[in-house]
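Atoms within a ligand are numbered from 1 in the order they appear, just like the ligands themselves.
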Amino acid sequence: MSAPLVIIGAGQAAAQAVTSLKAEGYGHPIVVIGDEPYPPYQRPPLSKAYLGDEMTEDRLELKAPHLYAEAGAQMRLSTRVVRLLPADKAVELSDGTRLDYGSVLIATGTRARPLPVPGADLPGVFSIRSIDDVKHFRAAAVPGAKLVIIGGGYIGLEVAAKARKLGLDVIVVEGQPRLLARVACSTISDFALALHEGHGVGVLTGMGVTRVLGADRVSGVELADGRVLPADLVLSAVGAVPNAELAAAAGLALDNGIRVDEAMRTSLPDIFAVGDVASFPSRLYGRRVRLESVQNAIDQAKAAAKAISGGAVAYDPIPWFWSDQYDVKLQIAGLLEGFDRTETEGDVAAGRFSVRYFAGDRLLAVCSVNDPKSHMMARKALASPVPATVPG
Ligand code: FAD
């Protein structure tokens, strides 16, 4: 039998790659190696419906487990790839075994960025990336508990919304002058601030955190101005870092994650990378881009399946993303970095509007609040050859 395609990581991109490889008629065995005990599952509900107890664990599963076997893939869960050995065309696993490969697809995703202050490793300090993280967080999130969330980005704010629903006292501390500062304009930031304050969340912007306090468990958070916020639990939501160490040690080129070309090929033969861990050249944006989104994990996995099966691919997507907070759905099409002006359409006070981001005449992105029609039109407009205006 031929040496298998080894997929490292059993997440969103791996699940898609397996079914897409089957659709492409890929003829070699596939082995998926994942270090979590669960078959591939959706992460977005971890900070949304699953955290809020509105979704059961079984509904997180991306595909019924028998579909992987039917696609010719063997799943090896609770197993970590500890070394990638391109010269030997083999991987070493955490159970001490070694596996030869014909080709490799790296889909190792990201992990929570460590909080760079003393006390960050105290019991009671959480981050949310996995089912187990949510289970641990929920065990401590009893009604009336004081939660301090460090980081006012999407995940921090989604958790704030669900924590209020669970009856916690919530304060969000954000180092930037406004919420969602890296990913939205001030119109959206102001809207998010009013939304969360309206639901009883305390918000401190432009405020650093210097220490997490506590003896054998977290008891508070010390702010840059010397104040102390009492805390029973702390959520660190300060971004994610790519799990690229395995690739780095194997000699693959890195560039804010694993460097791939438009067909998901890394710098070494027969090794591909996809999803949150991969940075790809975007002709659309004229630069290298690494995306942390379901859209990107799925579409890159499809592209890699085609490339691994010998097809021609040129991945260059219109990125899109969403966030749910209370009864608000935010949807973002495109990337807004480099915008020099915005246009707002709709009714901000009524909580139904869209903001368009432009660089000169060129439409870069659209952020829609409870406005799904505009979001869908934005995705079409951005995909058109001269994405300058959004109809309607
Ligand atoms: P992952 O799904 O993260 O899977 C990678 C897997 O590889 C993990 O299980 C990891 O443990 C495993 N792994 C790592 N190293 C090894 C190794 N050496 N050996 C074996 N296994 C390994 N995106 C959206 O578009 N919309 C949202 O609303 C949204 N919300 C999110 C909310 C949360 C709380 C989180 C955490 C993410 C959210 N995302 C959202 C992002 C989205 O989930 C990711 O972009 C997507 O899961 C990336 O897929 P992936 O396959 O690259 O990585």
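When the heavy-atom distances from atom 8 (C) of ligand 1 to Arg43, Arg129, Arg80, Lys48 are ranked, the shortest goes to Arg43. Comparing heavy-atom distances from atom 46 (C) of ligand 1 across Val32, Ile131, Asp276 singles out Asp276 as nearest.
Qualifying salt bridge (charged side-chain N to carboxylate O under 4.0 Å, His left out) partners for Lys380, counting only residues two or more places apart in sequence or in other chains: none.
Interface of Ile155 with ligand 1, defined as ligand atoms under 4.0 Å from a residue heavy atom, comprises 32 (C), 33 (C), 34 (C), 35 (C). Within ligand 1, counting atoms from 1 as listed, the ones closer than 4.0 Å to a heavy atom of Ala107 are 5 (C), 6 (C), 7 (O). Proximity to Thr79 (heavy-atom distance under 4.0 Å) selects the following atoms of ligand 1: 20 (C). Listed by number with element, the atoms of ligand 1 under 4.0 Å from a non-hydrogen atom of Gly275 are 52 (O). Annotation for ligand 1: atoms under 4.0 Å from non-hydrogen atoms of Ile33 are 20 (C), 21 (N). Taking a cut-off of under 4.0 Å to the non-hydrogen atoms of Val294, the atoms of ligand 1 that pass are 23 (N), 24 (C), 25 (O), 45 (O). Contact atoms of ligand 1 toward Ser47: 32 (C), 33 (C), 34 (C) (distance under 4.0 Å to a heavy atom of the residue). Listed by atom number, the atoms of ligand 1 under 4.0 Å from Gly11 heavy atoms are 2 (O), 4 (O), 51 (O).
Among all protein heavy atoms, the one lying closest to atom 24 (C) of ligand 1 is Phe321 CE1, 3.3 Å. Nearest non-hydrogen protein atom to atom 31 (C) of ligand 1 is Pro44 CA, 3.5 Å. What sits closest to atom 21 (N) of ligand 1 on the protein, heavy atoms only, is Asp35 N, 3.1 Å. Summary of contacts: the protein heavy atom closest to atom 9 (O) of ligand 1 is Glu36 OE2, 2.6 Å. Taking atom 18 (N) of ligand 1 as the reference point, the nearest protein heavy-atom neighbour is Val81 O, 3.0 Å. Of the protein's heavy atoms, Gly9 CA, 3.2 Å lies nearest to atom 7 (O) of ligand 1. Protein heavy atom closest to atom 53 (O) of ligand 1, with residue, atom name and distance, is Gly109 CA, 3.4 Å. Protein heavy atom nearest atom 41 (C) of ligand 1, with residue, atom name and distance: Glu292 O, 4.0 Å.
Heavy atoms of Ile128 approach ligand 1 to within less than 4.0 angstrom. Within the 4.0 Å heavy-atom shell around ligand 1 one does not find Ser323. No heavy atom of Arg111 sits closer than 4.0 Å to any atom of ligand 1.
With 3.5 Å as the limit, one finds no donor-acceptor pair spanning the side chains of Ser374 and Glu345. Using modelled atom types, one finds no donor on one side chain facing an acceptor on the other under 3.5 Å when comparing Gln325 with His199.
Hydrophobic clustering keeps Trp322 apart from Val369 (ILVMFWY residues linked when any side-chain heavy atoms are closer than 4.5 Å, directly or through intermediates). Cluster annotation: Leu168 is not connected to Val221 through the hydrophobic network of ILVMFWY side chains, with a link wherever side-chain heavy atoms come within less than 4.5 Å.
Between Tyr41 and Tyr38, the ring planes are perpendicular. Angles over 60° get that label, and only those under 30° would be called parallel. Note on ring orientation: taking the six-membered ring where Trp is involved, the planes of Phe126 and Phe137 are perpendicular (angle over 60°, cut-offs 30° and 60°).
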Scan the side chains in residues 171-182 for donor-acceptor partners under 3.5 Å anywhere in the protein, sequence neighbours excluded, and list what turns up.
unit_1 : atom_1 : unit_2 : atom_2 : d
Glu174 : OE1    : Gly152 : N      : 2.7
Glu174 : OE2    : Gln176 : N      : 2.8
Arg178 : NH1    : Ala184 : O      : 2.7
Arg178 : NH1    : Cys185 : O      : 3.4
Arg178 : NH1    : Ser189 : OG     : 2.6
Arg178 : NH2    : Ala184 : O      : 3.1

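In Trp322, the parts holding a heavy atom less than 4.0 Å from any atom of ligand 1 are both the side chain and the backbone. Of the heavy atoms in Ala297, only side-chain atoms (C-beta onward) come closer than 4.0 Å to ligand 1.
Polar contact check, Ala13 against ligand 1: a nitrogen or oxygen pair lies under 3.5 Å apart. Residue Glu158 places no N or O, backbone or side chain, under 3.5 Å from any N or O of ligand 1.
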Working for side-chain contact (heavy atoms from CB on, under 4.5 Å), residues Ser267 and Arg259: CA-CA 7 Å; Ser267 58; Arg259 190 182 169 95; over 6 Å; no
Verdict with supporting geometry, Arg283 and Glu262, side-chain contact (heavy atoms from CB on, under 4.5 Å): CA-CA 9 Å; Arg283 269 182 293 120; Glu262 71 287 348; over 6 Å; no
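Partner Arg290 forms a side-chain hydrogen bond (donor to acceptor under 3.5 Å, both in side chains) with one of Asn296, Thr110, Asp276, Asn256 and no other, that one being Asn256.
Put simply, the side chain of Thr210 gets close to the backbone of Glu222: a donor and an acceptor are under 3.5 Å apart.
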